[in-house]
Number of protein chains: 2
Amino acid sequence: MSKDSEYLNRLQDYYAEWKNIPSYAKLCEVFGIASKSWVKAILTRLADADFIERTPDGRWIPTRQFFSRPHAESTVQAGMPVSVTATQGEYFVIDEMLVDTPSKTTLITVKGDSMVDAGIQDGDVAVVEKRLTANIGDIVVAIVDNDFTLKTLDKENGAFILRPANPAYPVIRPQGTLEIFGVLIGLVRKYKR
Amino acid sequence: MSKDSEYLNRLQDYYAEWKNIPSYAKLCEVFGIASKSWVKAILTRLADADFIERTPDGRWIPTRQFFSRPHAESTVQAGMPVSVTATQGEYFVIDEMLVDTPSKTTLITVKGDSMVDAGIQDGDVAVVEKRLTANIGDIVVAIVDNDFTLKTLDKENGAFILRPANPAYPVIRPQGTLEIFGVLIGLVRKYKR
DNA sequence: TTGACAACAGAACAAACGTTCTTTATATTG
DNA sequence: CAATATAAAGAACGTTTGTTCTGTTGTCAA
């Protein structure tokens with residue numbers, strides 16, 4: 001049982017690199033053991049624990065749970081340091097956390113720094129749910145005069161306006177069409193190594 | 001050439017359902033043909049077109065391009081807006097983008113606003129790769145006097161210091177132990193609906 | 001000290017797999 | 001109409017795969 005989580009880790013790392021679950025022979029290498037039959041026993045237990053499953057052809061494939069990451073709720077404090085409990089327990093799948101409706105969700109890379117004060121930087125990836133309406137205060141991807149732009153939706157004298165979150169940029173007061181492409185529901189940033 | 005895109009479609013559909021590329025025999029079914037050698041010829045062409053590739057073990061795996069969808073909205077750009085990159089694939093697109101080594105990656109919810117100027121807000125989820133060393137300039141999760149904290153690592157007079165990204169917070173100059181828990185490699189934010 | 005169990009190793013084997021080579025049918029093109 | 005390319009079928013074959021069954025080793029409790 002305890003060793004199985006180590007085997008799972010190795011399998012996850014292998015999968016992250018190669019995007020498949022290899023043959024038993026290869027898994028002997030990955031796991032650092034010499035017996036194919038034992039590899040099978042391990043995989044069977046991982047399947048019982050619902051980390052992997054088999055296709056009708058008998059090939060092993062990962063389940064959703066395979067991609068879950070340990071989540072240390074409120075362990076880290078970015079403000080004043082505070083005593084902390086150990087990390088354990090909860091697991092999260094990043095995609096499930098951000099995406100509710102895959103067919104309506106699209107990823108858009110943010111260009112420019114017009115939303116820096118909202119914590120949205122150049123190069124961040126916005127998770128956008130495509131829909132035609134939004135509420136005041138939502139951060140929306142709008143199509144203004146045939147251009148996509150990411151701004152906060154607001155209302156001024158009965159007309160919709162788009163507020164940047166950066167004083168260096170002007171408020172956009174669309175004359176003519178203000179078409180909503182979608183609403184910002186998530187944000188992803190990757191730091192380069 | 002023209003038929004290959006049909007075969008690619010079928011392969012994409014199969015992959016979406018089973019998350020792997022099956023044997024040549026199975027692909028005969030999927031493609032609706034009867035010849036394994038022709039399957040191989042097709043896959044070889046798809047590999048030349050960079051939709052799939054092979055692991056060192058000879059197994060076929062999809063490339064990034066395999067998941068890319070033709071996006072109808074062509075590149076609209078001007079001013080300060082955005083570029084659109086639509087993606088297919090229900091799960092683990094974002095995960096794959098952020099996580100290189102699953103076994104060393106953990107998620108931590110950020111508390112406080114000491115890093116707001118770095119675009120890190122209260123409630124954001126930090127994607128942290130656990131390791132003991134970091135470079136100057138990295139944003140790290142450090143253990144200072146038994147407390148976790150998220151700060152930028154810097155050096156001052158030969159000693160490591162932790163800089164917040166908010167002038168309202170003081171620079172931390174650890175006397176005694178400065179232990180690195182991990183390095184920030186990604187950030188995820190979810191906007192409430 | 002013995003017995004039981006968990007954690008592996010190893011061998012044996014049929015079925016499946018990928019590869020290569022040869023052949024055939026259908027279009028295309030000049 | 002002939003030459004040629006494309007799209008596939010099919011057979012042959014050595015290798016790999018998953019599976020099952022039988023051993024081996026270490027540990028720990030009775």
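The base of dA8(D) lies outside donor-acceptor range of the side chain of Ser35(B), with no N or O pair under 3.5 Å.
Here dA7(D) presents its P atom at 9 Å from CD1 of Ile42(B), a figure rounded to the nearest Å. Rounded to whole Å, the distance from NZ on Lys3(A) to C1' on dT27(D) is 13 Å. Look at CZ on Arg59(B): it is 13 Å from P on dT16(D), rounded to the nearest Å. Rounded to whole Å, the distance from CG on Asn20(A) to P on dT17(D) is 12 Å. Per the geometry, CG belonging to Asp57(A) stands 12 Å off P belonging to dT19(D), to the nearest Å. Rounding to whole angstrom units, CD of residue Glu29(A) and P of dT17(D) are separated by 11 Å. In this structure, the CH2 atom of Trp38(B) is 6 Å from the C1' atom of dA8(D), given to the nearest Å. In this entry the distance linking CD of Glu6(A) with C1' of dA7(C) reads 15 Å, nearest Å.
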Is there a salt bridge (Lys or Arg N to Asp or Glu O under 4.0 Å) between Glu6(A) and Lys3(A)? Walk through the geometry before answering. CA-CA 5 Å; Glu6(A) 165 66 15; Lys3(A) 272 208 164 187; over 6 Å; no
The test is salt bridge (Lys or Arg N to Asp or Glu O under 4.0 Å); show your working for Glu96(A) and Arg64(A) and say whether it passes. CA-CA 9 Å; Glu96(A) 280 180 359; Arg64(A) 261 111 266 134; 5.1 Å; no
Step by step, work out the ring pair (Phe, Tyr, Trp, His ring centres under 6.0 Å) result for Phe66(A) and Phe51(A). CA-CA 5 Å; Phe66(A) 187 85; Phe51(A) 286 106; 7.5 Å; no
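Relative to the side chain of Lys36(A), the nucleotides dA7(D), dA9(C), dT17(D) differ in distance, and dT17(D) lies closest. Out of dT20(C), dG10(C), dG18(D), the shortest distance to the side chain of Ala34(A) is found at dG10(C). Each of dT19(D), dC8(C), dA9(D) was ranked by its minimum atom distance to the side chain of Ile33(B); first place goes to dA9(D). Here the nucleotide nearest the side chain of Ser37(A), chosen from dG10(D), dT20(D), dT19(C), is dT20(D).
For the pair Arg45(A) and Trp38(A), the distance from NZ or CZ to the six-membered ring centre is under 6.0 Å and the angle to the ring normal is within 45 degrees.
At the heavy-atom level, Ala25(A) lies under 4.0 Å from the strands shown only through sugar-phosphate atoms. Within the nucleic acid shown, Phe31(A) has no heavy atom closer than 4.0 Å to any nucleic acid atom.
Listed pair Arg54(A) / dT19(D) meets the phosphate criterion, a side-chain N or O lying under 4.0 Å from OP1 or OP2. Contact annotation: Tyr24(A) side-chain N/O to dG10(C) OP1/OP2 distance is not under 4.0 Å. Close to dT16(D), at under 4.0 Å from its OP1 or OP2, lies no side-chain N or O of Ser23(A). The phosphate of dT16(D) has neither OP1 nor OP2 within less than 4.0 Å of any side-chain N or O from Lys26(A).
Judged by distance alone, the side chains of Tyr169(A) and Asp113(A) do bring a donor and an acceptor atom under 3.5 Å apart.
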